[in-house]
Number of protein chains: 2
Amino acid sequence: MSSQFALNDVEVALSPQERFDEYLQSRGKRITQQRRVLVEHVFSRHEHFDADELMDALSKSTAKQAGGAQVSRATVYRGLEELVEAGLLRKMSLDGRAVYEHDYGYPQHDHLYCQQCQKLIEFQSQELTQLREEVAKEHNFRVTGHRLIVTGVCQSCATNRHRRLSPVDLI
Amino acid sequence: MSSQFALNDVEVALSPQERFDEYLQSRGKRITQQRRVLVEHVFSRHEHFDADELMDALSKSTAKQAGGAQVSRATVYRGLEELVEAGLLRKMSLDGRAVYEHDYGYPQHDHLYCQQCQKLIEFQSQELTQLREEVAKEHNFRVTGHRLIVTGVCQSCATNRHRRLSPVDLI
DNA sequence: CTCGGTGCAAAATCTTTGCACGCGA
DNA sequence: TCGCGTGCAAAGATTTTGCACCGAG
């Protein structure tokens with residue numbers, strides 16, 4: 001494979017950066033330093049994040065390398081919206097806060113959400129997609145997507161909780 | 001049946017009002033006019049609502065009947081939190097806004113969410129509960145609940161959209 | 001009487017927007 | 001050069017909190 005990028009499970013023809021450029025050009029939007037930096041950071045690691053965490057990451061990296069462009073909060077919000085538009089990111093709401101995750105070149109999945117440590121654990125289920133279609137058909141509903149979040153306590157939190165119940169934990 | 005209340009599909013021994021009183025007493029909290037009015041309105045109709053809609057409903061009814069107590073915004077928020085605590089309401093986040101629905105005496109279900117008219121359509125699926133357990137077991141995850149929202153376009157919106165595309169529709 | 005409850009207003013969060021300047025195409 | 005993009009600050013939207021007074025138990 002020559003220009004094939006492997007993002008986790010799925011292979012796609014273009015890198016996120018290229019894919020975004022394509023999106024921008026198709027809309028007559030411009031490829032700026034800020035948008036470039038944004039995509040670079042967002043796809044440097046596969047993880048869930050919110051606007052604030054991205055801001056932190058951006059400010060930290062720009063502090064190190066003099067060449068890094070500054071990206072204001074407003075631009076981060078505007079950029080994240082574009083990335084969702086472009087199909088690179090998926091947006092979800094958790095406890096009233098917007099959380100993002102990779103979508104481009106990444107398979108459909110859902111989440112287990114630990115109420116103790118706020119961690120998101122991904123899982124896939126093709127049965128769910130099937131179930132989704134059945135329900136939709138019953139209600140003459142045209143599906144565009146879905147979001148399933150199973151809440152509870154993850155293994156490590158359950159373990160730690162059993163070992164010690166110090167008052168400090170209860171915050 | 002003597003003191004049996006039928007809230008939709010399930011029968012419970014106490015009315016929401018009574019159930020809430022019980023909760024309050026068990027916590028040493030007081031049964032006030034505001035809390036009473038709150039519960040009364042919340043359970044007068046089975047529908048999804050947010051804090052603002054409840055505020056509207058409250059102000060409208062108090063305007064009519066002189067006896068109705070005023071309930072401030074802060075108290076509404078505090079009250080809704082208690083109702084969730086008490087297991088009478090379920091809270092979910094939709095587009096970053098908190099939305100509530102009846103939980104007490106109401107069966108587990110999930111939702112179809114119309115992105116066009118913001119309507120929530122309920123549906124039940126026992127397969128989902130099953131699927132949920134399987135996934136949890138795989139990840140050694142202790143489940144406390146789940147939330148599935150299937151997004152798309154409802155039947156009526158799909159129909160209307162086809163018939164006319166007046167600019168007025170686009171808010 | 002005694003606290004918990006309430007209203008009011010201010011604060012806290014998170015996100016969006018108006019505007020003048022700067023930079024990509 | 002031309003106009004979109006950006007930063008800044010201010011506005012918005014939603015929810016939470018501090019405080020003095022009120023009222024349920």
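Naming convention: chains lettered A, B, ... in sequence-line order (proteins, then strands); numbering from 1 in each chain. Note that these values count all heavy atoms, side chains included, but never hydrogens, waters or copies made by symmetry.
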side-chain contact (heavy atoms from CB on, under 4.5 Å) between Y104(B) and L14(B), worked out: CA-CA 10 Å; Y104(B) 180 59; L14(B) 290 78; 3.7 Å; yes
Interatomic distance, L24(A) CG vs dG24(C) P [rounded to whole Å]: 14 Å
Y106(B) ring center near H109(B) ring center (under 6.0 Å): yes
OP1 or OP2 of dT16(D) under 4.0 Å from side-chain N/O of Y77(B): no
Pair R27(B) + E85(B), salt bridge at N-O below 4.0 Å: yes
N/O donor-acceptor pair under 3.5 Å between D95(A) side chain and R97(A) backbone: no
Contact under 4.0 Å: T75(A) side-chain N or O vs dG7(D) OP1/OP2: yes
D21(A)/R35(A) salt bridge by N-O under 4.0 Å criterion: no
Phosphate-side-chain proximity, Q33(A) and dG5(D), N/O vs OP1/OP2 below 4.0 Å: no
Integer-rounded Å distance: dT15(C) C1' and M55(A) CE: 13 Å
N/O (side chain, R30(A)) to phosphate O (OP1/OP2, dC4(D)) under 4.0 Å: no
Same apolar cluster: V99(A) and F49(A), side chain cutoff 4.5 Å: no
Residue met sooner reading DNA chain C from 5', once I31(A) and A98(A) are mapped to nucleotides: A98(A)
Value in whole Å for how far the C1' atom of dT15(D) lies from CG of D95(A): 13 Å
Separation of dG5(C) C1' from K29(B) NZ (nearest whole Å): 10 Å
Sugar-phosphate, base or nothing in reach of R78(A), heavy atoms under 4.0 Å: base
Nearest-nucleotide pick for D52(A), side chain only, options being dC14(C), dT6(D), dT15(D): dC14(C)
Earlier contact from the 5' end, DNA chain D, for S72(A) and G96(B): S72(A)
Value in whole Å for how far the P atom of dC14(C) lies from CG of D56(A): 12 Å
Closest to side chain of R35(B), choosing from dG25(D), dG5(C), dT16(D): dG5(C)
Under-4.0 Å salt bridge between K91(B) and E81(B): no
Distance, rounded to the nearest Å, where R36(A) contributes CZ and dA25(C) contributes P: 8 Å
Relative orientation of the end axes in the helix from dC1(C)-dG25(D) to dA25(C)-dT1(D), expressed as an angle to the nearest 10° (five pairs per end): 30°
Contact under 4.0 Å: T32(A) side-chain N or O vs dT6(D) OP1/OP2: yes
Centroid-centroid under 6.0 Å between Y100(B) and H48(B) rings: no
Separation of atom CD in Q34(A) from atom C1' in dC23(C), rounded to whole Å: 9 Å
Distance, rounded to the nearest Å, where Q70(B) contributes CD and dC21(D) contributes P: 21 Å
Minimum-distance nucleotide (side-chain atoms of A74(B) versus dT17(D), dT15(C), dG7(D)): dT17(D)
